[in-house]
Amino acid sequence: MANQDDNRNGAELARDSIPRLLSLLSGVEKVELERFTLEIGDLELWIPTGSSPAAVCLPALEKIKPTSLLPAPFSLPSEEFPGRIHEVRLGATRSVGGSRGRSLVIGGADSPPFVYADKPPKHPPVFALDVFDMEVALPKVLKSNVKDVMGDPAEWARMNVKKYGADMVTVHLMSTDPLIKNASPRDAARTVEAVLQAVDVPLIIGGCGDPHKDALVFKEVAEIADGERLLLNSVTLDMTEAKTLETVTKAAKEHGHAVLGFTGLELNKAKELNRRLYEYLPPEDIVMDLTTVALGYGLEYSFTIHERARYAALMGDQELQHPTISASTNAWAAREAWMQMDEKYGPRELRGPLWETINALTLLLAGVDIFMMMHPAAIRTCKDTVNMLTQNETTVPDQLLHWATMKI
Amino acid sequence: MSEREPKKNIKEISPIDVYKLLPKTNCRECGEANCMAFATRVVNGELNVDNCPPVAKEEYRTSYEKLLRLMAPPVKTVTVGTGDRAIKIGGKYVLYRHEFTYHNPTPIALDVSDDLSDAERDERVRAIGNFTYNYIGRELRLDAIAIRSTQHDPATFASAVNAVAAQTDLPLILCTYDAAIMAAGLAHIKDLCPLLYAATKDNWKDMAELALRYRCPLVVSAPYDISALRSLTKTLNEYGVTDIVLDPGTSVEPNLAGTIHNFSQIRRAVFQQHDELLGYPLVGTPITAWLSPELSRELIQWKEACITSMLISRYADLLILHSMEGWVLLPQLIWRFNTYTDPRKPVSVDTGIRTFGTPDKNAPVLITTNYALTYFTVESDIKSANIDCYLIVVDTGGNSVESAVAGRYLTADSMAMALKDNHVPDLVDHRWLIIPGLAARLSGETEEASGWRVLVGPKDSSGLAGFLKTYWPPKER
């Protein structure tokens with residue numbers, strides 16, 4: 001180095017010479033240093049700890065590029081869960097004291113839904129179509145399918161089963177609401193009898209939501225349908241407050257029915273209600289309704305609470321190990337389902353049923369076991385989807401690699 | 001200098017872990033009161049490490065890198081496009097939404113193929129850019145355009161890419177399995193950081209070269225073969241490509257189950273087996289519904305809509321569709337928006353009285369529940385109709401009107417109480433309360449309990465403007 005640099009310190013000298021040194025060394029792979037000493041304190045070690053691209057862009061660190069694919073086989077994890085969902089049987093055939101053509105068993109899941117091909121649901125989800133016991137206001141798109149049978153629950157039920165393939169029928173005893181028609185429990189029981197005569201699928205019996213009136217109605221219906229294994233929809237914490245829960249659960253037990261515990265998007269309430277129910281009923285008699293909200297109006301809360309409940313149940317929470325139900329018909333509360341909108345959002349004849357379908361498919365993925373639905377296209381799509389998701393298909397759709405270049 | 005520690009789950013990271021690595025100067029450049037407050041928001045997923053301006057300075061380099069590593073989500077975040085409309089995909093911290101919250105709402109891309117005439121193409125690009133829906137006060141939109149080479153010709157593809165890029169600022173996805181065609185398309189949009197679709201077991205090396213040369217993220221595609229995806233990812237990582245998106249294959253038929261299984265298994269492997277080779281965003285391609293041309297268009301669109309919504313629920317970080325029909329897209333945009341809201345936020349809004357516009361002493365008084373979505377729906381309808389009014393928000397335990405009435409969270413007494421507690425008699429000269437149509441059955445009791453007259457409003461607040469036109473000011477009965 002030149003003498004003029006004498007008054008500069010070594011570090012500066014070294015730094016300034018680096019570019020020259022580097023150019024001299026270009027193309028050289030190895031340098032041997034002679035008469036070289038280094039104090040450890042001079043050595044500054046810097047080892048990158050992050051994966052930030054800024055830290056690894058030094059060309060000197062570039063790896064040797066692979067020339068052929070490196071193997072990295074995937075092995076399916078075997079996830080085991082300590083918990084399992086109870087199986088609940090709905091509908092009783094003649095041989096066990098009822099008059100249904102067949103029973104349906106729901107529940108039994110011991111693994112998250114639709115993750116592993118070798119763990120299909122023990123019992124595939126089932127679909128119920130709604131029937132009302134009086135004329136009700138319905139969105140136009142729904143009404144057009146049922147206007148001929150409105151007011152005739154038996155005929156309506158028959159159409160649901162014969163024409164639209166319902167696995168079950170829900171009879172909504174709406175006329176019993178004290179604020180609507182205040183129909184008597186006796187009238188309600190007669191409606192249920194008529195529907196039992198008309199169809200041989202298992203029935204869900206819907207009350208009006210009044211904890212006093214529902215108890216009277218359910219008691220009467222339970223008696224008249226002795227042994228039919230109905231699902232009484234629903235029992236609530238309101239009934240504990242109104243001191244009518246015992247009436248309903250005792251009637252259910254005595255006459256061989258199951259109950260649906262309804263709570264509003266709150267798992268602790270669902271657990272509390274189940275604890276109340278265990279005082280009267282075995283777990284095999286209990287189904288949960290955790291509330292289904294319409295897409296656009298809070299479906300995400302329903303989705304998440306079902307995922308949480310199912311995961312907790314599989315992880316061992318015994319108070320949540322029950323099959324669940326979704327009133328997917330609630331999708332029609334969304335204005336985007338029923339309303340005539342600007343034409344860029346398409347006809348409601350398609351938008352509405354799709355809304356109901358998506359509501360149900362979303363909760364299907366969260367593990368729901370029974371769906372209460374209304375539109376024929378929605379139930380059809382959901383049944384087809386369940387079929388496709390549960391059959392053990394091994395076809396690899398090889399044409400998939402062509403979508404990017406296909407002509408539409 | 002230690003071995004790489006096993007990554008902490010987002011819920012195990014404490015604000016202190018982050019704080020320790022921050023500059024700790026309380027400079028407030030980030031807008032927070034101090035570094036600890038900033039750290040808390042980072043841990044909650046509300047802010048990124050990069051929101052701290054000084055931390056990227058050279059003097060903090062080591063801490064910064066530790067921070068990035070600490071906060072790196074198990075599913076990598078990949079950026080596509082540039083500028084305001086650039087999209088971030090992936091960046092997932094958890095398997096289940098309820099464990100934390102999902103980040104980076106699934107962008108929805110629509111395709112444009114290079115066989116369209118200039119006019120058709122321009123019209124489609126315009127339609128994609130213009131599709132919007134106002135949902136509780138937010139504009140929901142489409143996010144990207146996937147340009148497909150169907151003519152197998154580099155020049156045709158290049159001119160389509162050029163034309164689309166000139167017309168839109170949406171991020172682009174270039175779709176071809178032919179590296180020569182890809183190169184031709186890329187040449188025109190070097191700096192736009194498009195997503196390249198796709199590297200396969202046959203073309204991966206050429207695609208990797210393009211991805212490196214143009215610094216673009218790259219999709220690896222191996223339909224229904226997770227081992228092949230891992231192999232491609234591992235190889236590309238070694239090759240130097242790190243911004244990767246996985247395409248596990250989307251099939252409406254046959255074997256829909258396989259699609260749902262693959263997406264789920266990949267995500268579970270990342271979060272439960274810490275499989276780093278699968279820790280990349282997933283792209284779903286509902287457009288494959290169009291591979292079944294024997295179906296009617298409407299049925300294909302229906303199927304495309306169903307699989308899209310299922311994949312939004314089942315971990316897709318990016319979706320490519322063909323249907324432009326509003327009835328197909330609307331539920332997806334809403335479901336996507338909903339899925340990516342923070343489940344830790346309460347379902348309810350604050351109770352009390354809200355003032356809209358400049359209400360005078362004769363302005364209408366409305367009442368609704370404190371369920372967040374009910375409230376936001378009503379609020380957005382009032383605003384878009386420019387109604388001057390008061391809106392009372394009652395505590396219904398976060399229940400919507402229908403369930404609040406059924407569950408007796410909304411009662412005549414609670415409404416009477418709300419009128420009093422909010423001093424509504426001082427605000428207006430009249431004594432008319434408009435209750436939700438779905439609470440109609442409470443009208444009589446409410447008149448008794450409150451001493452106010454009740455008008456039963458529409459069942460859906462979209463009808464408010466029309467309702468007020470007809471019934472306000474109220475006529476004596």
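In what follows, chains are A, B, ... by sequence order, proteins preceding strands, each numbered from 1. Keep in mind that what you see is a predicted model, and the values were worked out from it rather than measured.
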Where on B:Lys205 is there a heavy atom nearer than 4.5 Å to chain A: the side chain, the backbone, both, or neither? side chain
Any non-hydrogen side-chain atom of A:Val293 less than 4.5 Å from a side-chain atom of B:Leu373? no
When you compare the side chain of B:Trp327 with that of A:Arg348, does any pair of heavy atoms fall below 4.5 Å? no
Taking only residues two or more places apart in sequence, or in another chain, which ones meet B:Thr259 in a side chain to side chain donor-acceptor pair (under 3.5 Å)? B:Tyr224
May I ask you to decide if A:Trp403's main-chain N or O and B:Arg148's side chain share a donor-acceptor pair within less than 3.5 Å? yes
Between B:Glu209 and A:Lys65, is there a side-chain heavy-atom distance shorter than 4.5 Å? yes
Within a strict 4.5 Å, meaning less than it, do heavy atoms of the A:Pro211 and B:Arg408 side chains meet? yes
B:Asn338 side chain to A:Glu300 main-chain N or O, any donor-acceptor pair under 3.5 Å? no
Only residue of B:Ile266, B:Asp275, B:Leu229, B:Asp225 satisfying side chain to side chain contact (heavy atoms under 4.5 Å, CB included) with A:Phe74 is B:Asp275
Give a yes or no on whether the backbone of B:Ser149 and the side-chain of A:Thr405 come within a donor-acceptor separation of less than 3.5 Å. no
4.5 Å side-chain heavy-atom contact, B:Ser461 and A:Arg335: yes
For the residue pair A:Glu336 / B:Tyr135, report whether a side-chain donor-acceptor contact shorter than 3.5 Å exists. no
Geometric class of the B:Tyr96/A:Tyr311 ring pair [parallel <30°, tilted 30-60°, perpendicular >60°]: tilted
Most heavy-atom pairs under 4.5 Å with chain A, out of B:His261, B:His152, B:Met310, belong to B:His261
